[in-house]
Structures are given as structure tokens and as C-alpha cells.
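Throughout, a chain's letter reflects where its sequence line sits, starting with A, and its residues are numbered from 1. Values below: all heavy atoms of this structure, side chains included; hydrogens, waters and symmetry mates excluded.
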Amino acid sequence: MTKRLLTAALLASVVMTSPAVAQDLRIAMPTFTDVFHPADWGNDTAPMFYQVFETLITRDPFARPLTYIPGLATSWKQVGPTIWELTLREGVKMHDGTTMDAEDVKASLDPIFTGTDSNYQSAWGTFHYNFDHVEIVDPLTVRIHTKRPEPLFEALLSLSTASIVSKEHIDAVGFDRAALEPVGTGPYRVTSLVAAENVVMERFDDYWGEKAPFSSLNFRLVPEVASRITGLVNNEFDLITNIPPDQAPVLERDGIKQMGVTWPMFHVWVVNQVSGPTKDLRVRQAMRLCTDNQGLVDGLWDGKAHLPKAHQFEEYGSPFYMEDIDYSGRDVEKAKELLAEAGYNGEPIEAQFTANYYLYGDLAAQVIQQQWLDCGLNLQLKQVETIDYQKANIVPWSNPMYYPDPMGAMDVHWSENSSYARRGTWKPSHPEWAKTFEAARFSEDDETRRDAYRKLLEIEQDEAGWILLYEPHEIYAMREGISFEIPVAYRPYVLPLHAGQVTIAE
Amino acid sequence: MEISMLTFMSMRLFRAVLALGIVLIIAFVTVRYSGEPFERMFPEGLTVELEAQLRSEWFTDRSLIEQFGIYLGQIAQGDFGQSLYTKEDVWRIYADRMPATLAVGGLAFLVSVIIGLPLGAIAALWRQSGVAKTVMAFTFLGYAIPHYVLGIGLVLVFGLHLKILPTNGLDTAKHYVLPVLTLSIPMIAGLARYMRAAMLDAIAQPHVMTAMSKGVNERRLAIQHIFRNAMVPLLTVLGLEIAGLINGSIFVETVFALPGVGRVLVDSVLDRNYPVLQFGVLAYATVIVLITLAVDLLYTIADPRVRLEA
């Protein structure tokens with residue numbers, strides 16, 4: 001009897017894994033979101049939001065250079081310097097059964113364009129500060145007004161923060177509950193959500209596009225890497241994320257596939273420009289010159305991380321990525337000269353860390369501490385509960401690329417609106433900085449923006465307000481039959497689980 | 001001076017409420033001194049205006065005494081507050097996650113008592129035998145390994161290599177095996193060691209020696225004279241072990257990805273989620289106080305000589 005049952009189960013599993021028949025996908029991740037609303041954006045929400053929420057304009061996930069495709073809007077055109085008109089897709093059902101229309105678009109985007117409500121302010125200040133409001137022309141036509149002409153209109157409108165949610169739902173239950181019972185238009189709808197634990201999604205049968213390939217997705221928080229790996233090997237999960245490269249040998253097993261990915265994201269040390277020894281420009285430049293990035297890439301990441309040559313990513317593609325720019329390389333002698341000029345005499349430079357926030361972050365700090373001894377730099381590492389941004393000379397951070405454009409990492413992290421600028425510790429002193437930044441952000445043709453960006457990177461070499469460490473490398477591990485490509489047009493951690501994006505073979 | 005049960009109970013209750021109050025004040029003050037939650041909520045930074053708005057919304061711009069007054073006022077109305085992050089009622093957050101913690105912790109306690117006490121008794125009654133020595137060696141090991149190491153070790157052996165037990169969540173009965181083992185192995189070891197020590201103490205009592213020399217039936221001797229006397233100090237230990245279970249559950253819930261309250265409590269500390277932390281600490285302290293109260297009462301049953309004293 002048991003044997004017969006086993007055979008039946010085996011047969012069933014064969015049928016289940018054939019691409020024609022849908023199945024479930026169980027995903028284990030190390031960090032997890034508390035709330036599920038587009039205004040919340042981070043590495044932990046990216047893989048899930050992409051399944052549930054959609055934007056008016058979307059990106060071809062795999063195309064390079066970047067290509068925009070119709071999403072919830074079927075067409076869009078600029079009708080004035082600061083006005084864009086969009087035609088909405090007809091008959092798009094939302095997860096609460098209502099039909100998407102201009103009212104939903106206005107209710108979704110206006111708060112993020114004004115940023116007055118604290119729930120939306122982070123997304124507004126980071127991305128959408130130049131947008132003004134949505135004007136409803138008719139139920140299927142909207143006009144989006146920007147404050148100034150916006151060269152990045154499509155890039156910013158295709159960010160997950162600009163997703164369309166149901167007005168009726170938010171009106172009925174309020175923002176807080178809607179953030180726990182999300183309603184979007186995507187190919188999967190959330191059926192159960194336990195904050196910071198688990199999210200279950202089901203295929204949305206009324207989806208306007210091609211139906212999703214999985215009948216359900218089950219995202220679960222599994223903080224321990226050993227538990228994630230064991231869960232995959234043990235057939236408790238089908239896909240596990242954020243596996244550090246040193247775990248690769250453990251995953252070399254039959255039936256399991258690994259996919260390494262080097263994200264368009266820098267791990268960065270932010271250098272305090274206004275206090276302590278790092279106030280001196282020459283000390284900052286010496287710190288940068290004394291850092292052996294190649295040593296970090298080889299020693300910590302087994303050569304799998306990328307060596308950064310400047311604050312730009314290949315993902316920008318043409319015409320923005322400038323291959324000839326290379327500011328990498330260590331020069332101990334030059335660093336020593338600069339330190340002597342500055343009169344630096346071993347004063348402690350304090351780096352503050354919170355425990356294990358960035359993969360290998362603690363190890364990198366210890367390696368750099370040794371590297372800097374060669375130049376006479378006295379780096380003190382301090383693990384703290386809360387970082388004292390005014391006192392710390394160095395704070396670790398990451399700079400992901402949110403959209404494939406020079407501004408996709410630069411504007412978010414280093415504009416005058418950015419967090420370190422607001423804290424006052426990032427304060428570029430170069431007289432040309434603000435003007436050049438402005439040109440790189442708002443010039444209307446691509447070439448001007450690119451050339452301004454080149455100049456910006458040059459100026460930044462003098463400022464030395466940050467130290468790029470590397471572009472980190474991580475591993476996805478999954479059942480042998482699952483295949484997908486990394487969606488290069490989107491920010492790191494987006495998981496492509498829509499129709500046509502993932503194949504499930506036996 | 002002997003006092004009535006009623007007076008005894010009301011005095012104990014008064015002390016319990018006092019203890020809870022002190023615990024609450026400590027939690028309330030320390031979490032605020034450790035910093036504000038806003039930075040954690042908005043890792044990309046927030047504007048001065050937003051910060052001011054959030055401060056006034058959650059009263060962190062007022063003095064500690066004012067804040068505490070407001071909080072007590074809310075408690076008095078049965079409102080323990082909402083999570084600063086998800087805005088869910090805090091009692092609900094704990095209520096939703098309590099079953100997982102209770103199930104795993106309860107099972108672990110049961111298993112530990114059923115295995116640990118007899119093991120300790122065996123080690124005491126036949127203390128020169130090979131079995132007793134093996135038991136003691138095991139208990140030494142079990143007592144020395146931290147939950148965290150033990151949990152990961154079990155995951156690697158039974159999950160990764162042998163692939164015979166699931167290691168994540170609580171979906172089926174099989175899922176309980178490893179988390180319960182992780183919690184109960186150190187507890188079995190602890191209980192066995194205490195049991196052995198308590199029994200040896202009891203054996204050394206003059207009345208037991210007398211009974212032995214009189215040739216009292218061995219079974220009767222073990223149960224009536226030794227075991228019963230050993231139970232008194234053990235009750236205290238059992239109470240402490242339940243408190244220890246809650247600590248252990250924090251690790252076990254992380255390693256086995258269990259939806260329990262331990263992890264909520266730890267996260268609330270890291271996130272400075274004041275209302276969640278305050279309620280968690282209060283609930284935890286209440287459980288401990290109730291256990292202590294129960295142990296005190298059980299004393300009077302286990303040992304009639306223990307009288308209700310002021």
C-alpha cells in the first residue's frame with residue numbers, strides 16, 4: 001500500500017513539474033518586509049512587489065539598453081514641457097475585483113508626488129520630488145504634471161514606488177490595513193500576509209495579461225543561511241536567495257542549481273566631510289588611495305565580486321556607460337605624501353558599524369584596517385547599536401542602481417535631498433559640484449547629461465566623500481528545473497516570475 | 001507568624017504587581033534611551049519636518065514622565081498600543097504568534113520532564129554504575145552546548161545530510177521534532193543534573209539512612225522518602241526552566257524559521273518598536289511572576305512543613 005502511494009506521489013510530482021501544468025513555488029529569504037505597500041521600497045520588498053504591483057509604464061526586464069513598454073498605460077506622450085498624457089489600459093481588473101481607472105491612478109500617485117503624508121515621504125524625497133500631480137482627463141486618460149521638465153519621466157514612473165493600487169480598497173480600509181492586505185493589478189494576488197514572516201500569493205485569474213506560470217508563490221523569512229540551504233536540499237523550498245559565495249560548495253548537489261549574480265550595487269563607505277581627521281580633503285583622498293579593492297575582491301569574494309572603477313554601472317548601457325573611466329588602483333606612496341601634507345599624525349579615524357548588516361562588511365573592515373596601516377592611517381572599528389552620524393568618520397552603506405541611468409544610483413544617494421546630505425556629513429565643497437549635478441540630472445538631451453556625469457565623477461575624485469569597496473556577489477540556489485535570467489532593467493533583487501520570464505522543466 | 005491563605009495570596013499579588021510595574025518602567029525607559037525608531041524605519045534618511053511630525057505623533061517629543069503617563073492611561077483603557085511599523089494591535093501580534101511558541105515550548109517542557117527526571121533519578125540511585133556515568137557525561141554535554149549551536153547542528157545532521165526531518169516552519173508533526181529536541185536537550189540535561197543532586201541530598205538525610213538501615217523496601221524508599229524530598233528544590237528549578245524556555249525559543253525560532261513570539265520580541269528591540277517591546281516584556285514578566293507564584297503554592301503541597309509565612 002505504502003509503495004503504491006509512493007508511486008502515485010512520484011507520478012503526481014512528474015506531472016506537476018511539467019511546464020504545462022502550474023505548480024507552487026516556495027521561496028526562502030533572509031530579510032522580510034513589515035508592510036506591503038508600494039511606498040515602502042527596499043531590497044526585501046523588491047522580489048515580492050514585482051509580482052503584485054504594476055506601474056503605468058514598465059521596462060522590458062531583460063533588454064539592454066533600457067526599453068520601455070506599455071504597462072497599465074497603453075501609450076504616453078509629452079504634451080507640454082512639464083505635462084505628459086497617458087492612455088490607460090481598458091478593463092484592467094484589480095485584486096479586489098474593481099476595475100482600474102484614472103481615479104485609482106490619481107489616488108496612487110498624488111501622495112507620492114506631494115510627499116506630505118509621512119507614509120509616502122521616503123519614496124517622494126528619493127525618487128518623485130520633481131513630480132507635481134495627476135490630472136484626470138477622462139476615466140481612461142490622465143495627465144501627469146511635473147514641476148520642471150523631467151528627462152527621467154519614464155524611468156521614474158516605472159519604479160515600483162509608482163505602482164497603482166486600488167482607491168476603493170484604501171478608501172474602505174485605510175492606509176494601514178491596506179498595507180497588510182495589498183491590492184494591486186499584478187499577475188499574482190496576496191492571499192495571506194503575516195508581517196515579517198510569510199507572504200502567500202496566488203495566480204490572479206483575472207489578470208489582464210498572460211496568466212502567471214505558478215499557481216502560488218510562498219515567500220518565507222528564513223534568517224539563517226544554513227536553514228535556507230537545508231530547506232532547499234530537503235525539498236522544503238524551491239528557491240533560496242542571498243546565499244554568500246563561500247557556501248557554494250555545500251550546494252553542489254544533484255538536483256540543485258546555483259546562479260551567481262553580481263548586482264549593480266556598490267558597497268560603500270561614506271566618509272564624514274565635516275568632522276574629525278576626515279574633514280581634511282587630503283586625508284580622504286589618501287584613504288581612498290590606500291584601499292586595495294582588488295585585494296578585497298580576491299580575498300573576500302574569491303574574485304567573484306566586481307572591482308569598481310568609478311561610480312557607474314555597465315547596466316546603464318549606451319550612451320551613458322563610459323567604459324574609459326577608471327579611477328581604481330592603489331597608490332601607497334601618493335597616499336603617504338598627501339597625509340604628510342595634511343599633517344596627519346595617526347589621529348584615530350572611527351568607522352561605526354551595526355552588526356552584520358552587509359554581507360562580509362565586518363570582514364572587509366578588518367582587511368581595510370590592515371591595508372591602511374601601510375599608509376599610517378589609524379582606523380578604529382566600532383560596533384554600535386545606533387550609528388552616530390555626526391561623530392562617525394566612516395559609515396558603511398550600499399548604493400544600488402534603481403534604474404539604469406547614471407542618476408539611478410547617483411541622484412538617490414548623493415543629491416542634495418539624499419540622507420547624508422540631509423544629515424550634513426555629505427557636503428561637497430567644489431564650486432562646480434551643484435551646477436554639474438544639476439546638468440547631469442535635468443539636461444534634456446542624453447549626451448549633455450552623460451558629459452555632465454563624466455565631469456561629476458571627475459569632481460568627486462577631488463571630494464572623496466565616499467570609498468567604493470566592490471559590487472557584491474550572491475547566489476540564488478534552486479531546483480534544477482527552474483530557469484530565469486536576472487532582469488537587468490530593474491533594481492537588484494527583483495525576481496522575474498511572470499509568464500514567459502521563468503521556465504519550469506522537469 | 002502564621003497567616004491565612006487569603007492574606008498570603010494578597011501579599012503575593014501586591015508584590016507581583018509591584019514587580020511588574022518596576023519591570024515595565026525599566027523596559028519603558030531603557031528602550032527610549034537606546035534611541036528612536038525613526039532611523040530604522042527610514043533607512044534612507046528622513047526630513048526634519050517628518051521627524052518632528054513622527055515625534056509628536058508618538059509623543060517622543062514629550063518628557064519621559066509624560067510619555068509614561070500617557071502609556072499608563074492607554075493601558076488603563078485596555079489599549080496596549082500598535083506596532084509602530086505595521087500599526088497592528090500589539091496584543092494581536094503576540095496572540096497570533098503565541099500558539100507556535102506555546103506548542104514547541106510546551107512539548108519541550110513535557111519531553112524534558114519525562115526524560116530528564118528519571119535519568120537524574122537513575123544516576124542518583126545507581127550512582128556507581130556505568131549507566132549513571134554515561135548519563136552524567138551526556139548531561140554535561142547537553143548542558144554545555146548553547147541552543148544556537150545545537151539547533152544548527154541538528155539542522156545540518158538531520159536536514160542537510162540525512163534528509164529525514166524538515167527544518168523550517170511547523171507545517172506537520174515531523175516539523176516539531178528538531179525544534180523540540182533543540183529546546184529539550186539542554187533542559188533534559190539540566191533537570192537530570194538537578195534531580196541527581198537533589199536525590200543525593202535526600203539520600204544523605206538521617207531519616208532516609210535510618211529507613212535504609214531498617215531495611216525498608218527499596219521501591220518504597222525511593223518513592224516515599226527520596227523522591228518526595230527531592231521534589232522541593234526541583235520545583236524551583238522547573239519554574240526557572242520554563243523561564244529559560246522563553247529565552248531558548250528566541251534562538252529556536254530564528255534557526256527553524258518559526259512564527260513565534262520570541263522573534264517578535266527580539267525584532268522589537270532591534271527596531272525600537274516601543275509598544276511591541278513594552279507589551280512583550282510585560283507579558284513575559286507576567287508569565288514569570290505567575291510561575292513563581294505557582295511554585296510557591298506547590299511548595300506547600302510538596303512539603304507540609306513549609307508554612308505560609310509573612
Side-chain angles (χ1 to χ4, degrees), chain A residues 26 28 33-36 40-42 115-118 121-126 174-177 179-180 193-198 220-237 250 253 354-355 357 384-389 397 412-413 417-423, chain B residues 34-36 38-51 53-54 57 82-88 93 96-97 100 148 151-169 171 175 251 253-260 263-264 267 269-273:
Chain A
R26 300 158 299 171
T33 180
D34 278 323
V35 287
F36 210 103
D40 185 42
W41 50 282
T116 45
D117 181 334
S118 63
Q121 202 171 25
S122 161
W124 166 81
T126 316
F175 180 91
D176 294 336
R177 229 179 96 195
L180 295 171
L193 183 154
V194 184
E197 293 278 359
N198 177 238
R220 186 181 257 180
L221 171 70
V222 182
E224 268 306 313
V225 66
S227 305
R228 290 202 297 286
I229 291 175
T230 304
L232 177 69
V233 172
N234 218 350
N235 196 22
E236 294 171 64
F237 306 123
V250 189
R253 288 160 186 268
T354 48
Y357 189 70
V384 293
E385 264 293 302
T386 314
I387 289 171
D388 180 344
Y389 289 95
W397 204 23
V412 175
H413 300 104
N417 287 321
S418 68
S419 47
Y420 284 91
R422 277 184 245 148
R423 288 181 186 117
Chain B
S34 78
E36 288 184 323
F38 312 127
E39 203 130 88
R40 187 105 180 163
M41 300 172 82
F42 298 96
E44 298 298 326
L46 71 172
T47 58
V48 180
E49 302 83 53
L50 175 60
E51 207 169 337
Q53 187 188 329
L54 293 171
E57 227 169 273
Q82 288 83 32
S83 159
L84 300 182
Y85 291 73
T86 64
K87 315 286 178 353
E88 289 170 288
I93 294 176
D96 284 350
R97 288 161 177 82
Y148 205 69
I152 300 256
L154 291 174
V155 164
L156 294 179
V157 173
F158 292 99
L160 191 66
H161 294 295
L162 300 176
K163 296 192 203 172
I164 49 175
L165 286 170
T167 55
N168 289 283
D171 302 342
H175 281 84
F251 297 110
E253 285 166 17
T254 303
V255 172
F256 296 99
L258 308 182
R263 222 165 62 189
V264 172
D267 286 348
V269 177
L270 296 176
D271 292 341
R272 302 199 172 75
N273 199 341

field: From CA spacing to verdict: side-chain contact (heavy atoms from CB on, under 4.5 Å), B/Arg97, A/Val194
entry: CA-CA 10 Å; B/Arg97 288 161 177 82; A/Val194 184; 3.3 Å; yes
message: Please check if the number of heavy atoms outside A/Phe36 that lie under 6.0 Å from its CZ is greater than 12.
response: yes
message: Among residues at least two apart in sequence or on other chains, which ones pass side chain to side chain contact (heavy atoms under 4.5 Å, CB included) with A/Asp176?
response: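 Listed in chain order: B/Lys87.
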Chain B contact via [X] - side chain, backbone, both or neither, heavy atoms under 4.5 Å:
{"X": "A/Leu180", "result": "side chain"}
{"X": "A/Arg177", "result": "neither"}
{"X": "A/Ala195", "result": "both"}

- request: Would you mind telling me which of B/Glu57, B/His161, B/Arg272 has the largest number of heavy-atom pairs within less than 4.5 Å of chain A?
  value: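 Most heavy-atom pairs under 4.5 Å with chain A: B/Arg272.
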query: Looking at B/Ala257, B/Pro259, B/Pro166, which makes the most heavy-atom pairs under 4.5 Å with chain A?
result: B/Pro166
query: Taking all atoms of both residues into account, what is the closest heavy-atom pair of B/Gln53 and A/Ser118, and its distance?
result: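 Shortest heavy-atom contact: NE2-CB, 3.9 Å.
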query: Would A/Arg26 and B/Asp171 pass as an ion pair if we require N to O under 4.0 Å?
result: no
Which donor-acceptor pairs under 3.5 Å do side chains of residues 222-234 of chain A form with protein atoms, sequence neighbours excluded?
| residue | atom | partner | partner atom | Å |
| --- | --- | --- | --- | --- |
| A/Glu224 | OE2 | B/Tyr148 | OH | 2.2 |
| A/Ser227 | OG | B/Val255 | O | 2.5 |
| A/Arg228 | NE | A/Thr241 | O | 3.1 |
| A/Arg228 | NH1 | A/Val222 | O | 2.9 |
| A/Arg228 | NH1 | A/Pro223 | O | 3.2 |
| A/Arg228 | NH2 | A/Asn242 | O | 2.9 |
| A/Thr230 | OG1 | A/Ala226 | O | 2.7 |
| A/Asn234 | ND2 | A/Glu236 | OE2 | 3.3 |
| A/Asn234 | ND2 | B/Leu165 | O | 2.6 |

task: Could you tell me whether the side chain of A/Phe237 reaches within less than 4.5 Å of the side chain of B/Asn168, counting heavy atoms only?
output: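 Of all side-chain heavy-atom pairs linking A/Phe237 with B/Asn168, at least one is under 4.5 Å.
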message: So for B/Leu258, is it side chain, backbone, both, or neither that comes closer than 4.5 Å to the heavy atoms of chain A?
response: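 Looking at B/Leu258, just its backbone touches chain A.
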